[in-house]
Chemist: 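This is the structure I have questions about; it appears just below.
Worth saying up front: this structure is predicted, and the values here are computed from it rather than measured.
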Amino acid sequence: MEQLIQAVDEVLAGESRLGGRAESTRHTKVGDVHCLEDGWYVLPIFASRIGPDDLQDMWLATSAGPDDCRGRLFAVLGWRLGSERVRLQVAVRAPRSGLSLWAVRCPPDFLLRSLREALAALPDNGLAGRLVSGRIDAAASVESSACGGVLHDGQAQAYLACTSPGLRLVWGLPGTGKTTV
């Protein structure tokens, strides 16, 4: 596990040398939204390269922004991405017009930092080390009637191996039944 974390740290160090760590906790206006129905608004994105995955701490607010105490502020509870628009859901009934989406843009290394934090939080149960070092448990042979005849040969062997203690990989060419397993 330490090797994985170290590898991510090295990539992050490279990103920071390339200027990839632009931290900003300030909300910026992403665009004007339009009401679809009570609690649902839409933000057109067909001319933009930004999507909800690039944003955090999203709010609908008036043109004054979320930091203006006089303006009305509505937390974005959920979103659905379409091909040309993002549907945004808010908890309370907001005005039907005059609102914009305000958000904090994620730094370019946001996903790498999240990965590093998740890896560091995992308990070390030895599975990652075994996988990296190639110490995968062998699968026991299986009778052709295993799994009620639904899975065949290698599929049944993979399924039974994965439902028994140990570390194994299911790996095969497209169309060999990995998804079924």
Chemist: Which heavy atom in V76 sits nearest to a heavy atom in V90, and how many Å separate them?
Modeler: CA-CG1, 4.4 Å
Chemist: Taking all atoms of both residues into account, what is the closest heavy-atom pair of R80 and W40, and its distance?
Modeler: CZ-CH2, 3.9 Å
Chemist: Are P44 and E84 side-chain neighbours, meaning at least one heavy-atom pair lies under 4.5 Å?
Modeler: no
Chemist: State yes or no: do L60 and L81 share one hydrophobic cluster built from I, L, V, M, F, W and Y residues joined by side-chain heavy-atom distances below 4.5 Å, directly or via other members?
Modeler: yes
Chemist: Could you check whether D57 and W59, counting side-chain N and O atoms only, form a donor-acceptor pair closer than 3.5 Å?
Modeler: yes
Chemist: Is it the case that one hydrophobic cluster holds both L101 and L36, taking links as side-chain heavy atoms less than 4.5 Å apart, direct or via other members?
Modeler: no
Chemist: How long is the straight-line distance from OG of S97 back to NE2 of H34, given to the nearest 0.5 Å?
Modeler: 10.5 Å
Chemist: Could you tell me the separation between the OG1 atom of T62 and the CZ atom of F74, rounded to the nearest 0.5 Å?
Modeler: 9.0 Å
Chemist: Please report the closest heavy-atom contact between Q56 and R105, naming both atoms and the distance.
Modeler: NE2-O, 4.4 Å
Chemist: Measure across W79 and M58 and return the closest heavy-atom pair with its distance rounded to 0.1 Å.
Modeler: CD1-CE, 3.3 Å
Chemist: Run the side-chain contact (heavy atoms from CB on, under 4.5 Å) check on V30 and L43 step by step: do they pass?
Modeler: CA-CA 9 Å; V30 178; L43 172 73; 3.9 Å; yes
Chemist: Could you tell me the separation between the NE2 atom of H27 and the OG atom of S100, rounded to the nearest 0.5 Å?
Modeler: 13.0 Å
Chemist: Looking at A94 and L99, what are the two nearest heavy atoms and their distance?
Modeler: CB-CD1, 3.8 Å
Chemist: So which heavy atom on I45 is nearest to which on G82, and how close?
Modeler: CD1-O, 4.2 Å
Chemist: Flag yes if L88 and W102 sit in one hydrophobic cluster, no otherwise; membership is Ile, Leu, Val, Met, Phe, Trp, Tyr, and two members link when side-chain heavy atoms are under 4.5 Å apart.
Modeler: no
Chemist: Calculate, to the nearest 0.5 Å, the distance between atoms OG1 and CZ belonging to T28 and R26 respectively.
Modeler: 8.0 Å
